Amino acid sequence: AVLRNMVETGTTPTLSDLDTGRVDSRRSAVFGHAAFDFLASRAGTDGAQRFFAALRANPGTTLRNAYLAALGVLDADFDRAFGEYLKSRL
């Protein structure tokens with residue numbers, strides 16, 4: 001229900017929003033789960049491995065950078081594709 005509401009009202013956070021702390025913990029958890037599902041749907045287990053490798057390689061890396069590295073895309077491309085993915089799932 002939280003994710004559906006975010007998509008329907010256009011309040012889905014961006015990857016950058018997660019790293020700034022502007023997203024409350026409930027919405028952040030829902031977004032993070034959906035973002036990882038998106039990563040798996042686009043890049044499979046290799047994408048998940050690249051995501052965790054990015055986090056391990058640099059403990060100071062942000063979730064944003066780990067997702068972008070795992071998918072090999074830019075911020076705007078991720079946000080657009082992720083938005084389309086969410087709309088298609090609702």
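Remember, predicted model here, so these are calculated numbers, not experimental data. Just the heavy atoms: all of them, side chains too, but no hydrogens, waters or symmetry mates, feed the values below.
With sequence neighbours excluded, the residues satisfying salt bridge (charged side-chain N to carboxylate O under 4.0 Å, His left out) with R27 are D24. In terms of the side-chain hydrogen bond (donor to acceptor under 3.5 Å, both in side chains) criterion, residue partners of D17 (sequence neighbours excluded) are, by chain and number, T14, R22. Partners of N58 under the side-chain hydrogen bond (donor to acceptor under 3.5 Å, both in side chains) rule, at least two apart in sequence or in another chain, do not exist in this structure.
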Donor-acceptor contacts, no H, no angles, side chain residues 76-90, under 3.5 Å, sequence neighbours left out:
{"residue": "Y85", "atom": "OH", "partner": "R89", "partner atom": "NH1", "Å": "2.6"}
{"residue": "S88", "atom": "OG", "partner": "Y85", "partner atom": "O", "Å": "2.7"}

Without placing hydrogens or testing angles, list every side-chain donor-acceptor pair under 3.5 Å for residues 34-57, not counting sequence neighbours.
{"residue": "D37", "atom": "OD2", "partner": "H33", "partner atom": "NE2", "Å": "3.4"}
{"residue": "S41", "atom": "OG", "partner": "F38", "partner atom": "O", "Å": "2.8"}
{"residue": "R50", "atom": "NE", "partner": "A70", "partner atom": "O", "Å": "2.8"}
{"residue": "R50", "atom": "NH2", "partner": "A70", "partner atom": "O", "Å": "2.8"}

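Side-chain contact between T62 and Y67 is absent, with no heavy-atom pair separated by less than 4.5 Å. Side-chain contact between D75 and L68 is present, with at least one heavy-atom pair separated by less than 4.5 Å.
Between the CG atom in N65 and the OG atom in S16 there is a gap of 8.5 Å [rounded to 0.5 Å].
Shortest non-hydrogen contact noted between T61 and A66 is OG1-N, 4.4 Å.
Evaluation of the side chain to side chain donor-acceptor pair (under 3.5 Å) test over residues 3-13, restricted to residues two or more places apart or in two chains, returns T9-T11.
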